[in-house]
Amino acid sequence: MSNRPLLSESSVHSNARATMATFHHDVVREVEVAIKQYPVVIVGMRQNPVVRKARKLLTDAGVAFHYLEYGSYLSAWKPRLAIKLWSGWPTFPQVFVRGTLVGGAADLQKLLASDELKKLL
């Protein structure tokens with residue numbers, strides 16, 4: 001499997017790199033701290049049914065998790081964008097297990113169905 005395509009750092013002007021590095025850094029840092037502190041973290045947003053599904057999957061499986069919520073469809077889109085840029089994952093929820101991004105709700109459902117989540121924990 002190849003890595004996802006990223007714009008080469010040499011193709012980004014230094015002024016742009018500075019902006020990119022600080023774009024909602026506080027939110028990204030909050031996520032980084034949480035995924036180091038908790039075995040399972042869901043990053044999501046209000047009003048998103050797929051986020052609710054991921055939370056319900058873990059609750060029904062008896063798996064404790066930490067939830068970080070950033071706005072709704074009508075608010076906090078820039079902080080969510082910063083998280084997406086940082087993680088490379090295009091949607092919410094973003095589910096982390098032991099510091100590793102495992103994907104979204106569908107990916108979590110597969111991990112639960114195969115018992116792989118237990119192995120990761």
Side-chain angles (χ1 to χ4, degrees):
M1 177 196 295
S2 65
N3 289 335
R4 63 186 167 95
L6 292 173
L7 185 61
S8 165
E9 191 166 328
S10 64
S11 297
V12 179
H13 189 274
S14 60
N15 292 344
R17 281 197 303 270
T19 300
M20 293 163 69
T22 59
F23 184 70
H24 290 277
H25 184 269
D26 56 329
V27 172
V28 172
R29 183 72 186 130
E30 183 177 32
V31 174
E32 288 177 320
V33 168
I35 66 174
K36 287 178 184 171
Q37 185 175 359
Y38 299 98
V40 180
V41 175
I42 295 178
V43 181
M45 58 187 278
R46 283 186 304 279
Q47 301 171 327
N48 185 320
V50 184
V51 172
R52 281 193 302 272
K53 178 181 179 179
R55 294 173 69 190
K56 184 173 179 359
L57 285 167
L58 289 175
T59 299
D60 290 352
V63 176
F65 62 92
H66 182 72
Y67 178 59
L68 297 170
E69 183 174 88
Y70 296 99
S72 67
Y73 287 106
L74 303 175
S75 68
W77 68 270
K78 284 185 179 182
R80 287 195 309 277
L81 177 59
I83 295 166
K84 289 178 182 182
L85 291 169
W86 166 77
S87 71
W89 191 256
T91 60
F92 289 100
Q94 295 188 12
V95 182
F96 294 86
V97 177
R98 299 234 179 256
T100 298
L101 175 65
V102 298
D107 306 287
L108 176 61
Q109 191 168 21
K110 289 175 190 172
L111 289 176
L112 285 164
S114 70
D115 278 341
E116 188 176 348
L117 184 65
K118 287 181 185 176
K119 295 174 190 172
L120 294 174
L121 292 172

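Please read all numbers here as calculations on a predicted model, not as lab measurements.
In this structure, NE2 on His25 lies 13.5 Å from CE on Met20, to the nearest 0.5 angstrom. With rounding to the nearest 0.5 angstrom, the CG atom of Asp107 is 6.0 Å from the NZ atom of Lys110. To the nearest 0.5 angstrom, Leu6 atom CG is 11.5 Å from Ser11 atom OG. One finds the CD1 atom of Ile42 at 10.0 Å from the CG atom of Leu68 (value rounded to the nearest 0.5 Å). The structure places CG of Leu111 at 10.0 Å from CG of Leu58, a figure rounded to the nearest 0.5 Å. The distance from atom NZ of Lys53 to atom CG of Asp60, rounded to the nearest 0.5 Å, is 11.5 Å.
Checking side-chain atoms of Gln94 against main-chain N and O of Leu101 turns up no donor-acceptor pair under 3.5 Å. Between the side chain of Arg17 and the backbone N or O of Glu9, at least one donor-acceptor pair lies under 3.5 Å. Counting only distance, with no hydrogens or angles, the side chain of Lys84 and the backbone of Trp89 share no donor-acceptor pair below 3.5 Å. A donor-acceptor pair under 3.5 Å is absent between the side-chain atoms of Asn48 and the main chain of Met45, judged by distance alone.
Residues Tyr70 and Glu30 form a side-chain contact, since some pair of their non-hydrogen atoms from C-beta on lies under 4.5 Å apart. Looking at Val41 and Tyr67, their side chains never come closer than 4.5 Å, going by heavy atoms from C-beta outward. Contact annotation: the side chain of Leu81 approaches that of Phe23 to within less than 4.5 Å [non-hydrogen atoms, C-beta and beyond].
Under a hydrophobic clustering in which Ile, Leu, Val, Met, Phe, Trp and Tyr are joined whenever their side-chain heavy atoms come within less than 4.5 Å, directly or via other members, Leu121 and Tyr38 fall into the same cluster. Residues Tyr73 and Phe92 share a single hydrophobic cluster, defined by chaining ILVMFWY side chains whose heavy atoms lie under 4.5 Å apart. Placement of Val102 and Val40 within a single hydrophobic cluster is found when ILVMFWY residues are connected by side-chain heavy-atom separations under 4.5 Å, directly or transitively. With hydrophobic clusters built from ILVMFWY side chains whose heavy atoms lie under 4.5 angstrom apart, Val43 does not share a cluster with Leu85. If you chain together hydrophobic residues whose side chains sit under 4.5 Å apart, Val97 and Leu112 fall into the same group.
Nearest approach of Ala54 to Ala105, heavy atoms of both residues: CB-CB, 4.0 Å. The heavy-atom pair separating Val27 from Pro79 by the smallest distance is CG2-CB, 3.9 Å. Nearest approach of Ser72 to Gln47, heavy atoms of both residues: CB-OE1, 3.2 Å. The minimum heavy-atom distance linking His66 with Ala34 is given by the pair CD2-CB, 4.0 Å.
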- Task: List the steps and the verdict of salt bridge (Lys or Arg N to Asp or Glu O under 4.0 Å) for Glu116 and Lys119.
- Result: CA-CA 5 Å; Glu116 188 176 348; Lys119 295 174 190 172; over 6 Å; no
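Ring geometry, Phe96 versus Trp86: the interplanar angle falls from 30° to 60°, so the pair is classed tilted.
Each of Thr22, Val28, Asp26 was evaluated against His24; a single residue qualifies, Asp26, per the side chain to side chain contact (heavy atoms under 4.5 Å, CB included) test.
Phe65 does not carry Arg55 over the face of its six-membered ring by the limits of under 6.0 Å from the centre and within 45° of the normal.
Ser75 and Trp77 share no donor-acceptor pair across their side chains, judged by distance under 3.5 Å alone.
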